[in-house]
S.K.: 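Sending over a structure as structure tokens; questions will come in a sec.
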Number of protein chains: 2
Amino acid sequence: MASRAKATILDIAREAGVSKSTVSLVLQGSGLIRPETANRVRKAIEDVGYVYNRGAANLRKAHSNVIGMVINDLTNPFFAELAVGMERVFQSAGIVPFIANTAENPVRQEEVLKSLMEQDVAGLIVSPARGTRPDAFRRLETAGIPVVFAMRRLPESRIPVIAPDNHRGAYLATRHLIAKGHRRLAFLGGSSDLVVYHERLGGFREACEAEGIGPDETAIVEGETSRRGGMACLDAVLALPQPPTGALCFNDAVAFGAMLALRKQGLEPGRDFAVVGFDDVVEAEHYIPALTSVAVDTPGLGERAAHVVLKMIQSRTTRAEDHIGAVNLVVRESCGPNRSHETRIHSPGGAA
Amino acid sequence: MASRAKATILDIAREAGVSKSTVSLVLQGSGLIRPETANRVRKAIEDVGYVYNRGAANLRKAHSNVIGMVINDLTNPFFAELAVGMERVFQSAGIVPFIANTAENPVRQEEVLKSLMEQDVAGLIVSPARGTRPDAFRRLETAGIPVVFAMRRLPESRIPVIAPDNHRGAYLATRHLIAKGHRRLAFLGGSSDLVVYHERLGGFREACEAEGIGPDETAIVEGETSRRGGMACLDAVLALPQPPTGALCFNDAVAFGAMLALRKQGLEPGRDFAVVGFDDVVEAEHYIPALTSVAVDTPGLGERAAHVVLKMIQSRTTRAEDHIGAVNLVVRESCGPNRSHETRIHSPGGAA
DNA sequence: CTGAAAGCGCTTACAG
DNA sequence: CTGAAAGCGCTTACAG
């Protein structure tokens, strides 16, 4: 069986009594080889314990089939769900994507990008880290490597993006809060160096203004996009002279934190204070109280992003249409009691 | 600046007026090159927009520097934490590891492993998927590629494993339940095709027997290691003629599900029924009631695993010592009220 | 300190 | 249908 030194196509050729070109051809599934010959070669491949050397092949072919997914925070289940959606389509395309985590660190992101380029990636899906410099992707662009942004984008970039309709989601959520009778509203968490932040805050503002509620600027407080950040933001806003009675949170993690902080203050979320999240992670449904949140179909966006890079690679282009995914407001219990167990408020959505 | 076609060391050599060997040497940081020459080369590298072709280098050097992390379920925050621990050490070693997700699917795992081998990985950390065949790693072994198992292991394998002391953790948790006065105990979730399952169940049994409580076999119910699985298990056990009054759960996800199911039945976890989890994910602390769980220091085990592969690669061996990490029982509220907010019961732990 | 030459494991025209 | 030859972009002795 397997010999100690790595077997090459030359070993196979010797074993099967053919030339190495023939071996290469059967390796590539060419129809040019006579079936008996092909079978003999395949048997030899087994016998020598051959492992295809993709690096050598790529070197010769001058292109690889490796696709990278660069994720800003793998511990956030939201991004893990995104990754899973992408993997689904890559798997059926017979591709094994490599995931790399930047842990929200632009320096690490640069290392990751560099390594991926050296590895000669064919294409990339990236959810850029916070504070990514505008020119962080220039090398990739000049090299002509297809890149698509998922969920997050850079301020001025020609790289295509796949993301939910953040503005619309925030708008729907805010109107819901207002329809529940709230007049003093907060916007909690997130930071202004993220484009998403401005999109979501924009939807919040628009809804407030449409209802004649000038949003209280002091109740718009930035913070970490985590439970801890949510706790801090809620405390800040409750200390205001005229505290709000409800809040739209930048994402679900912030919302969970806000609810925790409410309890610590002896307030019951849903009854004494309304909170809405964003993203609708799996946990939202199981929380107590169940969290009303904006659902963005994370795995679906992941699939979409994967299809887009695949197409870009195939057509050797570096450009593609943006895709803005539809969103739903999923009404549960965190804004007070409801008639039914769960209600969905759909947005028309659509592509931009 | 950057030209369209990829620049090679030959372009650099031309630009700098040296030979390509010289370029290669400065690329590798060799001290053999005169500083002025090196600087001229470095400038040329910038000017031509050069990207190192690691594939070509690996081909020539006959070894790569890519390390793979094969994770069985990236959506489980527990494994994401593990990944983060490993990345920490790889980052400081200047390595960008590639993460691949098998989604608990042995077939996908095979594809992933194959792809990684073709990519000529230098080493691998893997948390094997459920139902992995005993010979799934034979190719890797005969190729002499270092592999270490993290968190999970295969029944009969010589591959080194880094894992927590599952037996001890379950033992501590069970004794705690008994000390709280419980006599009828359940063991919920997990499946017997996982080695960990037997380790944890073994600790549970030993504690029961030590206290003269023959564990009720009908209260040991396998199930999905998820919230949903936990709900089903708890319902099953409550329907028993002599239902238990407390349960050790296979992991925290199962415990969260069990608590949910209790509430649905009008029972309050911690007051009417005691539940203990395993792994102590971040969420455990924030749950209501806060979950008593066995802490295993997930990122720490990740770091350890990373150090071990690194060492194995360096010393060109395929063998290493197993490492069994110490565990603590973190007592919170899910087994009833406590004096202090949180208590830790330490195990001596140690390496095996 | 630097250059010319061979070779890593493949694929791809090109002959036959 | 199959073989001989060149070449992908590097590194590594080997001379000088």
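Reminder, nothing fancy here: chain letters follow the sequence lines and each chain counts from 1.
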S.K.: Which one of A:E104, A:Q109, A:E110 satisfies the side-chain hydrogen bond (donor to acceptor under 3.5 Å, both in side chains) criterion with A:T132?
M.R.: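 Single side-chain hydrogen bond (donor to acceptor under 3.5 Å, both in side chains) partner of A:T132 among A:E104, A:Q109, A:E110: A:Q109.
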S.K.: Using a cut-off of 4.0 Å on non-hydrogen atoms, how would the nucleic acid contact of B:T8 be classed: base, sugar-phosphate, or nothing?
M.R.: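 Contact class for B:T8: sugar-phosphate only.
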S.K.: Would you find a donor on one side and an acceptor on the other, under 3.5 Å apart, between the side chain of A:D11 and the backbone of A:T8?
M.R.: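 Yes, A:D11 side chain to A:T8 backbone: donor-acceptor pair under 3.5 Å.
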S.K.: Among residues 30-38 of chain A, which residues get a heavy atom nearer than 4.0 Å to DNA chain D?
M.R.: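 Of all residues in residues 30-38 of chain A, the ones placing a heavy atom under 4.0 Å from DNA chain D are A:L32, A:I33, A:R34, A:T37.
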S.K.: If you assign B:L25 and B:G55 each to the DNA chain D nucleotide with the nearest heavy atom, which residue ends up on the more 5' nucleotide?
M.R.: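 Result of the comparison: B:G55.
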S.K.: For A:S157 and A:L154, indicate whether the former's side chain and the latter's backbone hold a donor-acceptor pair under 3.5 Å.
M.R.: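 Not confirmed, A:S157 side chain does not pair with A:L154 backbone.
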S.K.: With a 4.0 Å cut-off on heavy atoms, is A:A62 in touch with a base, just the backbone sugar-phosphate, or nothing at all?
M.R.: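 Touches nothing.
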S.K.: Only pairs with both distances under 3.5 Å count, Watson-Crick or wobble alike; so what is the partner of D:dA4 in this structure?
M.R.: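 Across any shown strand, D:dA4 pairs with none.
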S.K.: So, for B:F149 and B:F137, is the gap between ring centers shorter than 6.0 Å?
M.R.: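 Under 6.0 Å, so yes.
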S.K.: Please tell me which of B:K20 and B:L59 maps to the more 5' nucleotide of DNA chain C, matching each residue to the nucleotide holding its nearest heavy atom.
M.R.: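 Counting from the 5' end, the first nearest nucleotide belongs to B:K20.
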S.K.: Hey, does B:S21 reach any base, or is it just sugar-phosphate, or nothing, if we go heavy atoms under 4.0 Å?
M.R.: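 Base contact - B:S21 has a heavy atom under 4.0 Å of at least one base atom.
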S.K.: Please list, in 5' to 3' order, the outermost nucleotides of DNA chain C lying under 4.0 Å from any heavy atom of chain A.
M.R.: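 On DNA chain C, the outermost contacted nucleotides are C:dG9 to C:dT12.
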S.K.: With a 3.5 Å distance limit and no angle check, can you tell me whether A:R153 reaches the backbone of A:V161 through a side-chain donor-acceptor pair?
M.R.: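 Side chain of A:R153 to backbone of A:V161, a donor-acceptor pair under 3.5 Å: no, none is there.
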S.K.: Can you give me the closest heavy-atom contact between A:V126 and A:P128, atom names plus distance?
M.R.: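 Result for this residue pair: O-CD, 3.4 Å.
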S.K.: Under 4.0 Å between any heavy atoms, over every strand shown, what does A:T22 touch: base, sugar-phosphate, or nothing? Just pick one.
M.R.: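 Result for A:T22 = sugar-phosphate.
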S.K.: Would you sort out whether B:N72 and B:S127 count as a side chain to side chain donor-acceptor pair (under 3.5 Å), showing the intermediate values?
M.R.: CA-CA 6 Å; B:N72 63 298; B:S127 162; 2.7 Å; yes
S.K.: Where do A:S21 and A:S24 land on the side chain to side chain donor-acceptor pair (under 3.5 Å) test, with the steps shown first?
M.R.: CA-CA 5 Å; A:S21 318; A:S24 179; over 6 Å; no
